[in-house]
Structure formats: C-alpha cells, structure tokens
Amino acid sequence: MIQKIQSTNDFVVKFANINGSGSASANELFARSMLRMGVPVSPRNIFPSNIQGMPTWYEVRVSESGYLGRRGGCDLMVAMNPQTWDADIKEIDAGGYLFYDSTREIPAARMRSDITVFGMPLTQICNDAYTDARQRQLFKNIIYIGALAALLGIDEKAIEQLFAEQYRGKEKLLDSNVQALHMGRDYALANLDCSAMGLKVKRADKVGTRIFIDGNQACALGAIWGGANVCAWYPITPSSSIPETFDKYCHKLRIDPETGKHNFAIIQAEDELASIGMVIGANWNGARAFTATSGPGISLMTEFLGLAYFAEVPATLVNVQRGGPSTGMPSRTQQSDLLQCAYASNGDTRHVLLFPEDPKECFDFTAAALDLADRLQTPVFVMSDLDIGMNSRLCESFDWDDSKRMDRGKVMTYQDLESGKEFGRYLDVDGDGIPYRTYPGTHPTKGAFFTRGTTKDRFARYSEEGPVYIDNMERLEKKFETAKSLVPMPAVRNASKPTKFAVIHFGSTSPSMNEALDVLEQQGHALDSMRIRAFPFHSSVLDFIEAHDHVFVVEQNRDGQLRDMLITECGIDPAQLSSVVHYDGTPITARFITKAIASRLALFSPLKEVAQ
C-alpha cells in the first residue's frame with residue numbers, strides 16, 4: 001500500500017512541458033494563485049536556450065514557513081512532455097503524485113507503484129472543444145491548471161481574479177480563459193478522486209506586504225532610483241530585460257513634464273566592448289551610466305575595465321551570471337564569474353563586487369553601486385545571476401528615502417578651482433586613496449587633465465618612473481581598502497548554541513541555505529553562517545573564519561571561486577575551508593546542501609560533539 005505524502009501548504013510541484021507551448025504563463029498563473037491565497041511560493045523556470053521544441057520545466061515551491069529556495073525532490077509531477085517522461089517519473093518522491101495527459105495510454109511498465117496517479121485526457125478534451133491548433137495547445141495549459149485547482153483545493157476565484165487583471169478591457173480573452181479553467185476544474189471534480197490527493201492548499205496570511213518581482217526588474221528600478229540616466233548595452237541572455245525595463249520606466253519617469261524632452265539615453269551598441277566604452281565615456285563626462293550583461297560580455301569588456309580602473313572612471317555593471325565557460329549554458333544559472341569580475345584586466349587590478357540575495361537587494365545594490373562607482377571612481381559590479389534575475393521571487397517591498405541625494409564623490413567645482421584649491425587628478429588629499437576629479441568644462445582654464453591608460457603621476461602627467469608608478473599603485477590599493485568600509489557588511493546568523501563549525505555563502509544560494517541550516521540544526525548539527533554581500537571582504541570576514549575550526553564555503557561553480565578569493569585575500573589556511581559546490585546549471589537545493597555538509601561533519605571527530 002502506498003504511504004502517501006500528506007501536506008498542506010508545504011510541497012513542491014514540478015511541471016514538465018515543451019518549450020514554446022505557452023506553458024510558462026499558465027504555470028506562473030498557478031503559482032500566483034496561491035500567493036493570492038496568502039501562501040508563499042517560489043517558482044523557477046528551467047528552460048532551454050533554443051526557441052521551441054526542447055524540454056522545459058517549471059518548479060513551484062509552496063511553503064507556508066516561507067522557505068523560498070529550491071528544496072530538492074518533487075511531490076507532484078505534472079508530466080506534459082513524453083520526451084522526458086521516464087526521467088520526470090523518477091524524480092517524484094516516494095508517496096508522491098503524478099498528473100498526466102491520459103489521452104494516450106501509458107504502459108504499466110513505465111509507471112511506478114509507489115506514487116498516486118491522476119490521468120486526464122487533456123488532448124482529447126481540447127480536440128473536442130477547439131478546432132484551432134494553437135487554441136488547443138494554449139487552452140490545454142489552462143485546463144490542467146483548472147484540474148490542479150480542484151485536486152489541491154486552490155480557490156478558482158483567485159485564478160479568475162488574475163485573469164481579470166491580465167485581460168482587463170479584453171473581455172473575449174477573459175471569458176475564453178475562464179471557460180477553459182472551469183472546463184478543467186469541472187472535469188476533475190466529476191471524474192477524478194480528488195480526495196486521493198494528499199497535498200492541499202489552504203488560505204493563510206503569510207505573504208503580508210511582500211512583493212513578487214524578478215531581479216532584473218528590480219535592478220532596472222534600482223538604476224532609476226539610483227539616478228542613472230544613460231544605459232548602453234548589447235543583448236545577451238539572461239540580462240536583456242534589465243535595459244528593456246529601464247527603458248520602459250525611463251519613458252514614464254525620465255521625461256521633462258514641461259518640455260517633453262527625454263532626460264535619458266539608452267543605446268543598444270554593436271557589441272559588449274562598445275557598450276562598456278560608452279558607459280565609461282558617459283561617466284567620464286558626468287553622467288550616471290551603467291550596462292547589463294553576462295559572463296561572455298564581461299570577457300569582451302575586460303580591456304576597457306582595466307582602463308576604467310587605472311584612469312579611475314566610474315562605471316556600474318550588472319552581471320547576470322549564467323553557465324560557462326564560453327557560450328556555456330545561456331539559460332542556466334551559476335555563480336562562476338567571481339574571479340573574472342574581481343580581477344578583470346591585465347596587471348594588478350581589483351574591482352568592487354556586490355552580491356544580492358534577492359530582488360530587494362538587486363534594487364538596493366544597483367542604486368548603491370551607482371553611488372559607490374562615483375565615490376570610488378572605479379567600476380562596480382552587481383553580481384546577480386539567472387536564478388535571481390529571471391525568476392519572480394517574494395521579497396520585502398522596496399523603500400526609498402525621498403530626501404536621499406546622489407553621492408557623486410569627490411568632484412571639484414568651479415568655485416573650488418577659482419578659490420585656488422590645488423588640483424591634482426591623482427593626488428590623495430584625504431588619505432583614503434580617492435583623489436578629486438573634475439567634469440569636462442567645469443572651468444575655462446583650471447582643472448583640466450589628460451585621461452590616459454598609461455602610467456602617470458599625481459597630476460596626470462605621463463611618467464614611467466618606477467617610484468611614481470609605485471606611488472600610484474599603492475594609492476589604488478589604499479582606495480580598495482577604503483572600499484571595505486563603504487560596501488554592504490556581511491550578514492551573520494548564529495546557531496542556537498556555541499559551535500566550532502560554520503558556513504559561508506553568498507547571493508542566490510541564500511534561500512536554500514536558510515532552509516538547510518534549519519534542517520541541519522534539527523539533525524543535531526549546529527553551524528554559524530555568514531552571507532558575504534560584497535568584495536572587498538570586510539575585516540569581520542577574517543574574524544568569523546578565525547573564530548571557527550572549520551568553515552564550509554557553499555557556492556554554485558566548479559572551482560570554489562569564493563573559497564579561493566578568501567584564501568588569497570584573507571591569508572586563510574586552505575585546510576580550514578571546505579568547498580561545497582553545485583554547478584549543474586540548476587539552482588542549488590536545500591537537500592543538496594544538507595547532505596553535503598552533514599556527510600562531511602560526520603568525518604570530524606569526535607562525532608558526538610558535532611551531533612550534540
């Protein structure tokens with residue numbers, strides 16, 4: 001007898017579809033309907049980089065407890081793709097559930113005896129109801145959403161409300177979608193044993209004032225509120241929606257109400273090298289400019305990034321990381337560009353990196369990056385990734401202090417120059433490594449300098465003298481030290497009892513990490529944790545590591561890039577840090593983290609001290 005999984009508001013549903021079938025919109029509708037019922041969800045679209053015909057999956061984590069990372073495993077598989085049937089069936093946890101299109105009979109040998117199966121002749125229902133082939137495909141998705149609503153107890157009114165908002169003013173589309181929804185629901189109620197479904201959705205009040213938005217939209221809004229008025233970019237998955245969204249909001253918020261003139265410039269360049277060149281030029285000229293790209297784009301931008309670092313010109317870059325190397329996996333996620341961005345360019349170069357964990361921090365950090373770039377006069381990277389950037393996530397609502405003004409850093413004005421203040425473009429006046437700059441045209445006779453990528457002295461004069469070069473490089477190093485006090489501080493979570501074990505993580509790993517820490521603690525493994533939010537690393541990072549006997553570094557790349565940076569930058573004994581890496585292109589799961597850390601903790605002696 002099957003020991004069914006029984007759970008309310010805590011399960012994983014996975015949809016297996018074919019790319020280009022229109023399923024993603026329907027599956028997101030499914031996720032949003034539970035949000036409307038006050039139940040937190042976290043959906044993830046796992047899609048191929050081609051246009052259509054290949055397998056695609058859409059996973060929805062339902063968690064009244066608020067866990068927003070991938071858990072791992074699947075409680076209910078909605079199997080709509082014959083190509084991936086066998087692999088999809090294997091993924092269901094024992095005691096789980098399968099929903100599939102039973103128009104064609106599936107041999108018993110391709111089923112499992114330890115799951116509960118719900119078959120519904122979706123293709124036949126659509127063929128009987130619709131004559132148009134495209135309608136049959138699109139409404140098939142809505143019909144299975146209706147059936148799932150009946151099986152899981154989702155309030156169809158919540159879905160109808162979403163339809164009403166989506167098709168406002170388009171009554172014909174509204175009516176046809178509602179009709180398909182009820183067609184699926186009514187069939188399920190009349191022909192399926194809905195009581196056999198052990199997964200249920202019940203109204204709750206756990207969403208609160210949080211919003212549902214993806215990281216790319218959040219970055220675009222952060223750029224708006226951060227004062228960006230120039231964006232130069234070249235299309236690349238998965239970052240293209242950042243400039244597209246920035247453009248949309250600029251047309252609402254960056255137009256002079258009196259003259260109707262645009263107070264912004266958005267340029268689609270011929271390639272990534274041109275786009276970063278435009279960003280550097282605009283910032284040099286006093287604008288606030290940024291670009292959005294991914295790893296292959298950063299590769300092309302490297303030469304200009306070195307120029308911006310050495311000539312000390314602000315630049316803000318949002319890197320939505322994807323699978324690499326080279327073209328890699330354009331529509332899969334990784335955290336594999338850390339070394340590439342931190343040390344981009346030849347010579348002794350270091351760049352500032354910010355690591356957001358969710359759309360809220362994408363908004364905050366993009367706005368902050370524009371300030372940091374101006375204040376430090378250097379490139380600053382917002383290190384997002386596909387998981388954050390392209391998947392909608394519940395997060396705290398964005399807030400903004402309307403009294404806040406842009407921090408343009410050390411800019412010498414006409415009045416400063418006129419008063420006789422000494423100006424040396426690369427002169428460290430305050431001891432923080434950051435010199436003063438001027439905007440072009442500030443003064444007719446004073447404050448001019450030659451911007452160059454070659455060596456120079458404190459007054460921007462060309463020089464290849466060794467002591468002059470060392471003086472400039474040491475000042476740049478001092479500026480990087482100053483950045484430690486300006487970037488976001490690490491976030492620390494202490495275990496419920498003292499422990500000598502800890503974990504360090506960053507970025508999109510955070511949601512799954514939070515759940516894994518809870519599970520590990522339930523298993524008797526207490527770990528302190530630190531989420532690193534920026535590079536350069538604050539001094540507290542070294543203090544945290546030294547306070548523990550052993551630290552696990554969890555990241556989504558093959559080579560343990562964050563671990564390498566910690567060893568290099570902090571002088572850590574490599575034996576003190578263990579890599580826990582996940583890099584198959586799918587977002588890391590809580591189960592993966594839990595298993596990896598628990599198995600390694602078991603190797604430490606004495607075991608009883610670890611498990612107490």
Side-chain angles (χ1 to χ4, degrees), residues 40 42 65-70 210-211 215 218-219 222 321 335 338 342 352-369 371-372 380-385 387-389 393-399 483-521 525-548 550-556 561-563 565-566 569-570 572 577 580 587-588 590 593-594 597:
S42 182
S65 299
Y67 293 126
L68 300 178
R70 290 185 74 211
R210 286 181 290 178
I211 61 175
C219 285
Q321 299 169 88
Q335 297 174 312
L338 273 67
V352 175
L353 314 181
L354 307 182
F355 304 121
E357 70 164 345
D358 64 4
K360 173 66 163 66
E361 287 194 342
C362 284
F363 173 82
D364 292 340
F365 287 7
T366 303
D371 272 352
L372 283 168
V380 176
F381 293 80
V382 179
M383 301 293 287
S384 179
D385 59 39
D387 184 27
I388 304 174
R393 187 86 57 84
L394 261 186
C395 66
E396 296 301 320
S397 58
F398 305 161
D399 49 31
K484 292 181 180 180
S485 64
L486 302 177
V487 298
M489 290 277 290
V492 175
R493 167 179 165 172
N494 291 319
S496 61
K497 60 184 178 182
T499 177
K500 288 297 184 180
F501 295 98
V503 60
I504 286 177
H505 61 101
F506 69 102
S508 63
T509 302
S510 179
S512 293
M513 189 75 246
N514 291 335
E515 181 176 5
L517 287 168
D518 286 347
V519 175
L520 285 164
E521 185 134 343
H525 302 301
L527 293 101
D528 296 329
S529 73
M530 171 177 276
R531 178 168 67 88
I532 291 180
R533 302 203 297 162
F535 174 74
F537 304 129
H538 191 266
S539 59
S540 60
V541 175
L542 177 57
D543 295 339
F544 179 82
I545 295 172
E546 289 184 335
H548 298 88
H550 200 82
V551 179
F552 301 97
V553 184
V554 180
E555 48 190 314
Q556 298 182 73
Q561 294 183 24
L562 179 62
R563 177 180 178 271
M565 290 173 66
L566 290 167
E569 298 289 336
C570 300
I572 303 296
L577 302 178
V580 176
I588 196 168
I593 297 170
T594 302
I597 292 179

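The first residue in the sequence is number 1, and the count goes up from there.
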Flag, side chain of [X] to backbone of [Y], donor-acceptor distance under 3.5 Å:
X: Ser65; Y: Tyr67; value: no
X: Asn494; Y: Asp528; value: no
X: Asp358; Y: Glu361; value: yes
X: Gln321; Y: Ser384; value: yes
X: Arg563; Y: Leu577; value: yes
X: Ser512; Y: Arg70; value: yes
X: Arg531; Y: His505; value: no

Minimal non-hydrogen separation, [X] against [Y], with atom names:
X: Ala495; Y: Leu527; result: CB-O, 3.5 Å
X: Leu338; Y: Gln561; result: N-OE1, 3.1 Å
X: Phe544; Y: Ser529; result: CZ-C, 3.7 Å
X: Gly222; Y: Thr366; result: C-CG2, 4.1 Å
X: Leu68; Y: Leu394; result: CD1-O, 3.4 Å
X: Pro359; Y: Gly215; result: CG-N, 3.9 Å

When you compare the side chain of [Y] with that of [X], does any pair of heavy atoms fall below 4.5 Å?
X: Arg533; Y: Val487; result: no
X: Leu372; Y: Leu354; result: yes
X: Lys360; Y: Phe398; result: yes
X: Leu542; Y: Ile572; result: yes
X: Arg493; Y: Asn514; result: yes
X: Gln556; Y: Ser508; result: yes
X: Ile532; Y: Phe355; result: yes
X: Cys570; Y: Phe537; result: yes

Inset, instruction - Sort and list the pairs that fulfil salt bridge (charged side-chain N to carboxylate O under 4.0 Å, His left out) and have at least one residue in residues 535-546, not counting sequence neighbours. - result: none

Inset, instruction - Specify whether Phe552 and His550 have parallel, tilted or perpendicular ring planes, treating 30° as the upper limit for parallel and 60° as the lower limit for perpendicular. - result: perpendicular

Legend entry - Pair Ile504-Ile545, side-chain contact (heavy atoms from CB on, under 4.5 Å): steps then yes or no: CA-CA 9 Å; Ile504 286 177; Ile545 295 172; 3.7 Å; yes

From [X] atom [atom1] to [Y] atom [atom2], the distance as rounded to the nearest 0.5 Å:
X: Leu517; Y: Ser496; atom1: CG; atom2: OG; value: 11.0 Å
X: Glu396; Y: Phe363; atom1: CD; atom2: CZ; value: 13.5 Å
X: Ile588; Y: Ser510; atom1: CD1; atom2: OG; value: 11.5 Å
X: Glu515; Y: Leu520; atom1: CD; atom2: CG; value: 10.5 Å

Legend entry - Ion pair Lys484/Glu569, N-O distance below 4.0 Å: no

Inset, instruction - Please name the residue in the list Glu357, Gln335, Glu555 that meets the side chain to side chain donor-acceptor pair (under 3.5 Å) test with Thr509. - result: Gln335

